[in-house]
Amino acid sequence: MATLPPKPLGPPSDRISILFVDDDTGILETLVDIFEDMGFDADTASSGRQALAKIQERFYHLALLDIQLPDMLGTELLSRIRKIQPDTKCVMATGNASIPSALDSLNEGAYAYLLKPIEVPNVKATVRRALEQQRLELENRRLLMELQALGNMTDAGLSTLELDQLLDRVLHQLVVYHGADAGVIFLMDATTGMLAPRARHAHPHDGAENLPEAFPVALGVGVAGRAAQQSEVLAAAGPELDGDPAQAEGVQALLAAPLFARHQLIGVVRLDWRRPTEFTADSPTLLRVLAERAGVLIDNARLYDAERHLRSEAETFSQLSRSLVERIGLEERLELITRHLAGVTGVSGCIVWLGTRDALVPAYITGMDADRQRRMKRMAIPLEEFSPALRRVLDSDNAVVIEDARAVELLPERDLELWGIRSALLTPLRSGGRSIGLAAVYEPGADCQFTDRQVRQAEVIAYVAAVALQQAKMIQEERDMARTLAESFLSKTPQLANVQVASCFVPASEVALVGGDYFDFIELDNDLIGMVIGDVCGKGLAAAIYTAMAKYMLRAYALENPSPQWVISRLNQALYNQMSEECMFITMVYGVLDRKQGTFTYTNAAHPPPILYQPESKTIMELAPTGGMVGAVIEMQFTEETVALEPGSVLTMFTDGVTEARTDQTMLENEGVREVVQAHAGEDAGSIATAIYNRALEFASGVLRDDVAIVVVKNE
């Protein structure tokens with residue numbers, strides 16, 4: 001059984017709350033006026049201790065912290081807030097900017113870093129972005145909690161054949177995951193027609209002492225009776241409970257959900273709070289999901305024959321839920337889902353169709369030969385060609401058995417022939433109340449039948465699958481867009497006389513978002529060529545946007561004046577205003593290769609040091625940073641250095657995806673790259689680049705979690 005989560009204080013208010021911490025009362029008053037006019041609940045504290053006292057009492061969506069407070073540093077306060085309220089977004093503000101303080105803040109988990117005097121548009125924009133990111137994080141967590149709760153519900157519920165134990169364990173999960181003080185499960189009594197209490201459970205933090213007795217409830221009486229009669233989840237608190245039987249038990253707020261099995265009402269679950277509680281619009285969502293599962297579990301506990309099979313099914317669904325959470329790639333999740341659907345239904349064919357804006361397309365196919373799969377993947381069903389039978393399936397919440405696909409005219413004859421379908425089980429995939437596609441299981445070219453148990457199993461898998469696929473689809477869409485942009489920023493590797501140049505770019509694995517790594521080559525004149533390798537702090541589309549800005553600005557400056565020091569200084573000034581708003585920066589090396597003189601003049605802006613191997617003198621050196629990060633601090637100073645390139649020398653530049661490749665807690669680092677360069681220095685530039693990438697991949701056990709960019713220059 002899963003470790004119990006901490007008991008929450010109660011649902012936070014729907015109104016966004018912000019805490020401003022500063023010892024300047026003028027700043028606090030100004031910020032409160034601005035953000036209260038915007039509809040936020042604004043609060044203030046003039047010291048770290050006062051802020052911590054308030055954080056202990058209530059939840060704040062966001063805190064704006066001054067770095068210099070009278071009793072502690074803002075970074076210390078940030079660290080302590082993160083321990084108390086890890087979901088609170090923190091933004092730091094200071095009038096004395098420094099790279100260490102910025103990095104300390106970001107390392108401690110700050111969302112952003114603002115400079116004083118604070119400009120109103122900047123702070124508004126930063127707050128909005130932070131709150132939007134928080135909203136997305138909480139939504140993702142809610143989806144993951146649903147998957148975990150469903151798995152734990154199944155594990156707990158199907159661990160016993162005895163009904164009373166089953167009811168107690170199911171109710172335990174419901175109480176814990178909702179943070180209720182107690183709960184009751186009422187089951188329909190066929191003799192009396194009343195809802196009779198069969199299980200009573202208190203939250204583990206409270207214990208069962210002094211738990212009042214619950215009494216039978218008639219349909220339509222009280223919130224629980226109305227929830228059962230109206231077949232919907234109901235919430236009530238305070239005066240809304242006047243006259244409700246639950247008041248006699250000391251209940252001040254409650255949620256009630258009907259329990260159904262095989263489309264028949266079998267009971268109702270009631271979750272109780274003995275303290276004032278305000279429910280948000282989302283409060284009934286998880287209860288509705290879990291109550292649907294609880295109804296099925298309770299019904300099957302009453303049918304002993306079905307119970308013998310459901311334990312193994314529970315383990316399968318639990319494993320599926322955990323596996324889906326562990327895998328974020330769309331292809332991985334599709335493979336897992338089709339395998340489970342085919343397994344529980346005993347057929348060899350399964351297709352998952354996903355909806356696009358105007359069509360239904362096959363996203364994953366099993367049970368077909370390779371040639372038919374290729375043709376099938378080109379098959380799309382336009383929205384306007386959906387048959388009535390297909391529309392009914394997509395709009396349904398339940399699986400549908402199609403005994404004769406031709407008779408119901410599911411698809412045009414030519415498509416059915418290509419598919420090889422005669423009969424099938426079609427299970428709609430619905431997420432957030434809307435259809436995202438359907439899963440079809442069938443035996444190619446044969447008729448097949450499905451039992452009620454197989455249909456129910458497929459429906460459970462489809463429910464879990466829909467949430468997982470929708471999330472994976474969103475992640476992949478952003479990742480694919482970022483990857484396309486990132487790869488478009490890579491220049492064609494030049495072919496030069498007397499100098500070998502090779503490059504390598506490999507995006508992050510499917511378990512990570514694409515970052516902002518890139519390299520570029522700039523033709524300056526007959527003998528000079530500019531070389532750039534850079535890494536934008538961040539992932540996804542934001543990093544791609546700044547990569548584009550950096551690349552084309554740097555190109556323009558280099559063509560105006562090739563001096564690395566001058567180019568990087570100009571680039572820093574140009575990017576500072578855009579990047580500092582979002583606390584982003586770039587590390588990069590820009591150098592000019594002079595083929596006539598045999599030199600490389602460079603500026604290293606806080607990037608992993610390139611490695612230069614000189615075979616004649618048998619020396620290997622690192623081109624250390626000659627300045628800080630680009631876009632972080634407008635006053636940043638940069639210098640340039642020049643190194644001579646001996647005949648046969650090897651210059652290697654790379655991003656931190658190489659040096660931070662890790663095995664457990666050990667990273668490859670520059671030392672590992674040096675060893676590869678020395679071992680392969682006698683080979684051509686392309687072979688050296690490949691050897692460095694292969695070493696990083698091997699060191700990371702085949703999974704690189706960051707982009708890798710490598711440039712190798714070998715002087716002939």
Side-chain angles (χ1 to χ4, degrees), residues 316 320 330-331 333-431 434-466 468-470 473:
T316 299
L320 174 61
L330 180 60
E331 192 78 4
R333 289 186 174 182
L334 284 166
E335 187 277 332
L336 192 65
I337 290 162
T338 54
R339 176 155 44 87
H340 276 76
L341 283 171
V344 300
T345 53
V347 298
S348 62
C350 182
I351 299 182
V352 175
W353 299 78
L354 294 181
T356 63
R357 181 173 299 178
D358 53 7
L360 203 60
V361 297
Y364 202 89
I365 304 171
T366 61
M368 285 185 186
D369 59 62
D371 179 64
R372 181 169 286 194
Q373 275 201 34
R374 282 193 295 271
R375 289 188 290 143
M376 190 73 187
K377 285 183 177 180
R378 293 195 294 267
M379 173 182 167
I381 308 173
L383 183 63
E384 63 271 14
E385 294 183 14
F386 285 7
S387 67
L390 183 57
R391 287 187 182 276
R392 282 195 297 273
V393 175
L394 292 171
D395 293 339
S396 173
D397 290 324
N398 306 108
V400 176
V401 175
I402 301 294
E403 296 180 352
D404 189 337
R406 286 171 174 77
V408 300
E409 297 180 341
L410 182 67
L411 293 175
E413 185 74 22
R414 68 180 189 280
D415 294 335
L416 292 176
E417 186 66 29
L418 173 62
W419 187 349
I421 179 178
R422 292 169 62 175
S423 58
L425 172 62
L426 305 182
T427 307
L429 300 172
R430 301 184 67 81
S431 176
R434 65 185 185 87
S435 172
I436 67 167
L438 66 87
V441 289
Y442 65 102
E443 196 60 52
D447 293 321
C448 49
Q449 296 180 335
F450 302 94
T451 66
D452 289 343
R453 184 166 67 89
Q454 288 174 327
V455 172
R456 289 197 306 274
Q457 288 176 310
E459 287 177 335
V460 174
I461 291 175
Y463 175 81
V464 175
L469 290 177
Q470 181 70 357
K473 190 176 178 182

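When each of Leu410, Val401, Val441 is tested with Leu426 by the rule side-chain contact (heavy atoms from CB on, under 4.5 Å), just one qualifies, namely Leu410.
For Glu459, there are no side-chain hydrogen bond (donor to acceptor under 3.5 Å, both in side chains) partners two or more places apart in sequence or in a different chain. For Trp419, the ring-ring contact (aromatic ring centres under 6.0 Å, His included) test picks out Trp353, Tyr442, with sequence neighbours left out.
Rounded to the nearest 0.5 Å, atoms CD (Glu335) and NE2 (His340) are 9.5 Å apart. Taken from OG1 in Thr427 to CG in Leu429, the straight-line distance is 7.5 Å, to the nearest 0.5 Å. Considering CE of Met376 and CG of Asp371, their distance stands at 13.0 Å, rounded to 0.5 Å. Rounding to the nearest 0.5 Å gives a distance of 7.5 Å between CE of Met379 and CD1 of Ile351. Atom CG of residue Leu438 and atom CG of residue Leu360 lie 5.5 Å apart, to the nearest 0.5 angstrom.
Counting heavy-atom neighbours within 6.0 Å of Gln449 CD, excluding the residue itself, gives a total of 12 or less.
In terms of modelled atom types and a separation under 3.5 Å, the side chain of Arg430 and the main chain of Leu394 share a donor-acceptor contact. A distance-only check finds no donor-acceptor pair linking the side chain of Ser435 to the backbone of Asp395 [under 3.5 Å]. Judged by distance alone, the side chain of Thr338 and the main-chain N or O of Leu334 form a donor-acceptor pair under 3.5 Å. Using modelled atom types, no side-chain atom of Glu385 and backbone atom of Pro382 make a donor-acceptor pair closer than 3.5 Å. A donor-acceptor distance shorter than 3.5 angstrom exists from the side chain of Thr366 to the backbone of Cys350, with no hydrogens or angles considered.
Between Asp452 and Arg456, none of the side-chain N atoms (NZ, or NE/NH1/NH2) sits under 4.0 Å from a carboxylate O, so this pair counts as no salt bridge.
Considering every non-hydrogen atom in both Leu418 and Met368, the closest pair reads O-CE, 4.4 Å. Taking all atoms of both residues into account, the shortest heavy-atom contact from Ile421 to Arg406 is O-NH1, 3.4 Å. Nearest heavy-atom pair, Phe450 versus Leu425, reported as atom, atom and distance to 0.1 Å: CE1-N, 3.5 Å. Taking all atoms of both residues into account, the shortest heavy-atom contact from Pro444 to Gly349 is CD-N, 4.2 Å. Of all the heavy atoms in Glu443 and Gly346, the pair that sits closest is OE1-O, 4.4 Å.
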